[in-house]
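Here is the structure we will look at.
Only a predicted model underlies this, so the values are computations on that prediction, with no experimental measurement involved. One-based numbering, in listed order, for ligands and for the atoms of each. Computed from heavy atoms alone, side chains included, the values below leave out hydrogens, waters and symmetry copies.
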Amino acid sequence: MQRNVVVPVWAGALVGLVAGGVALGVAELVAGLVGPETFPVVAVGDAFVDLTPAWLKEFAIENFGENDKTVLVGGVLAVLALIAAVIGVLARRRPGYGWAGLGLFGVVGVLAVLTRPGAGVVDALPTAVGVLAGGWALGRLMRRAAVPGTGDTGPGRPAVPSGGETTPESRAVPGEGATGPERPAVMRAGGEPYAFDRRRLLTGVAGGVAVAGVGAVVGQMLGGRKMIDAARTRLALPAPAYPAKPLPAGADLRINGLSPFITKNRDFYRVDTALIVPQVDPRQWKLRIHGLVDRPVEITYDDLLRRPLTESYVTLTCVSNEVGGPYAGNARWLGVRMADVLREVGIRSDADMLLSTSADGFTCGTPLDVVTDGRDALFAIAMNGEALPVEHGFPVRQVVPGLYGYVSATKWVTDIKVTRFDQDEAYWTPRGWAAKGPIKTQSRIDLPRPGASVPAGRTTVAGVAWAQHTGVDAVEVRVDRGEWRQARLAQVPGPDTWRQWSYDWDASPGKHTIQVRATDAHGRTQTEQQAPPAPDGATGWHTVELTVT
Ligand SMILES: Nc1nc2c(c(=O)[nH]1)N[C@H]1C(S)=C(S)[C@@H](COP(=O)(O)O)O[C@H]1N2
Ligand SMILES: [Mo]
């Protein structure tokens, strides 16, 4: 149906822009599910690069450098915006023009997507769905802009006498004064009058912008995640220059219900401040080291992988772990020794702190002497034989045996400022946690579970104990506050991991209390004094109550 032109040119252009935005937002959302390379703007940009003569490419790289991709995508978007505005202006006359323009968009987008190497038919889905959404938005917005001038034009509006001419005054929008000459008079279209309604158009536009924005943001999030997952699984890990010694045969007592010596990546506790897990592309990742150094550097992921890698078993522990709590895990890490990198940059003698920052802005203050005293403090890239899981810091995190995670284990680390504790403060320090966080010796009863009911007779009591970088020398168990008895200790590869222990208990019927305490390799036994996690780690003996039947 031919609709008479009551919508001004600016409004048509706006409608076109917003409909184009909806098309792209929805396309990006779908591309987030299908694969970020199927987003038509990226595909068109890539196709453009492929078709570009070498001299132009060189010109772009020379003039825009690392930003050449951004400039390219920006250029594609600018051209799209212009076309979208024109489509909007044309669609004022006839919805068909709008669909034809969008269809053209779609064809170009689909062609670009499908000519990518390895493309399949589903890859056209983001463009197709985007075009449909854009067309729908275009139609809706146009209909909002040009309302039939008959009766139901909204609350508080005088009805239009049927078939009669409407004066601008009779269609005044509430709250606005008498309309000036810029408001086009209603015209007649096939006996049906239409009028331009700016307010209805603008609320529609706001809705369209919201749809486009949400689609783009969610789509980018999903797409970023997909891309990083793909990059992660593609990675080939170099072999360690300094492999960990094979685990002693008796490191894992293999008792049902006891934490395995190695915590599987998927079972590893996770603690961080990230609402959305940072998605860091290893190709873009850089670690900048600066501050009190002689030679500031920027290290790329490839630089890191080319260095000699050290493999090491280290148990991580969180300062917020309650006595007996779950926030501890043990893994085999692969990474570059932090001390080696720091030696190269030349640390000034007055420095005593490494202030590391993650991709999402978390900061962490690590005592420099701990990192450089010879222990396996690593820029870790792998965990238990695979690239770091994204939620555990991919592509690079710190691991420092002997320090709680909040002062050492920065995930997604991108920046290290060599500084002083009296000059800088990390994320948790002003929030009531100690500036330095050496791990306190702890032991935990994994079985029997608290509140369990077990049959009388020989019962296995077992758990783990840790005193990272000092080592656990003894674990004792007592029942009903009686004599302390030595538990049997599992083997360990070194002082940096937890140590499994077990104790055979001849259980008699009734209610019982089991307690555990560990002694470290310096002969220091865990204090009985109970303390909460804040400000520097919980203390006390893990106590489990159970019933024997
Ligand atoms: N970027 C970043 N890294 C971080 C944190 C954080 O909030 N953000 N939390 C730290 C804390 S408190 C701990 S205990 C460890 C936990 O590491 P995991 O989640 O791999 O077990 O990460 C540390 N690294
Ligand atoms: Mo933590």
With respect to E391, determine whether any N or O atom, backbone or side chain, lies less than 3.5 Å from an N or O atom of ligand 1. no
Check the orientation of F268 and W333. Use parallel for under 30°, tilted for 30 to 60°, and perpendicular for over 60°. perpendicular
Indicate yes or no: at least one non-hydrogen side-chain atom of E28 is less than 4.5 angstrom from one of Q220. yes
Using a strict 4.0 Å cut-off to heavy atoms of Y406, name the atoms of ligand 1 that fall inside it. 11 (C), 12 (S)
Just which atoms of ligand 1 are under 4.0 Å from any heavy atom in C318? 14 (S)
Polar atom proximity, T273 to ligand 1 (N or O, under 3.5 Å): yes
T410: numbered ligand 1 atoms lying under 4.0 Å from its heavy atoms: 3 (N), 24 (N)
How far is atom 6 (C) of ligand 1 from the closest protein heavy atom, and which atom is that? D272 CB, 3.3 Å
For atom 8 (N) of ligand 1, which of W433, Y404, F362 has the closest heavy atom? F362
F268 heavy atoms, cut-off 4.0 Å: which ligand 1 atoms fall inside? 21 (O)
Any N/O pair A409/ligand 1 closer than 3.5 Å: yes
For ligand 1, find out whether one of its N or O atoms is nearer than 3.5 Å to an N or O atom of R397. yes
Output yes when the distance from some N or O of ligand 1 to some N or O of V271 is under 3.5 Å, and no in every other case. yes
Atom pair OG1/CZ of T263 and F261 - distance to nearest 0.5 Å: 9.0 Å
Please verify the inter-ring angle class for W285 with Y301; under 30° counts as parallel, over 60° as perpendicular, anything in between as tilted. perpendicular
So for ligand 1, is Y269 a polar contact partner (N or O within less than 3.5 Å, distance only)? yes
Got the closest protein heavy atom to atom 3 (N) of ligand 1, with its distance? K411 N, 3.0 Å
Does ligand 1 have any atom sitting under 4.0 Å from a heavy atom of Q398? no
Could you give me the CA-CA distance, side-chain angles and deciding distance for R232 and E386, then say whether salt bridge (Lys or Arg N to Asp or Glu O under 4.0 Å) is met? CA-CA 9 Å; R232 198 183 151 264; E386 55 174 290; 2.6 Å; yes
V76 side chain reached by V73 side chain, heavy atoms, under 4.5 Å: no
Has ligand 1 got any nitrogen or oxygen that is less than 3.5 angstrom from a nitrogen or oxygen of S358? yes
Close side-chain approach of T513 and V544, heavy atoms under 4.5 Å: no
Is there a side-chain contact between T460 and W505, using heavy atoms and a 4.5 Å cut-off? no
Please determine if K436 forms a cation-pi arrangement with F421, meaning its NZ or CZ atom is less than 6.0 Å from the six-membered ring centre and no more than 45° off the ring axis. yes
Starting from atom 13 (C) of ligand 1, what is the nearest protein heavy atom, named by residue and atom, and what distance separates them? G405 CA, 3.7 Å
Report the distance from atom NE2 of H469 to atom CG of L403, rounding to the nearest 0.5 Å. 10.0 Å
Classify the angle between the aromatic ring planes of W498 and W466 as parallel (below 30°), tilted (30 to 60°) or perpendicular (above 60°). tilted
Yes or no: does D360 have any heavy atom under 4.0 Å from an atom of ligand 1? yes
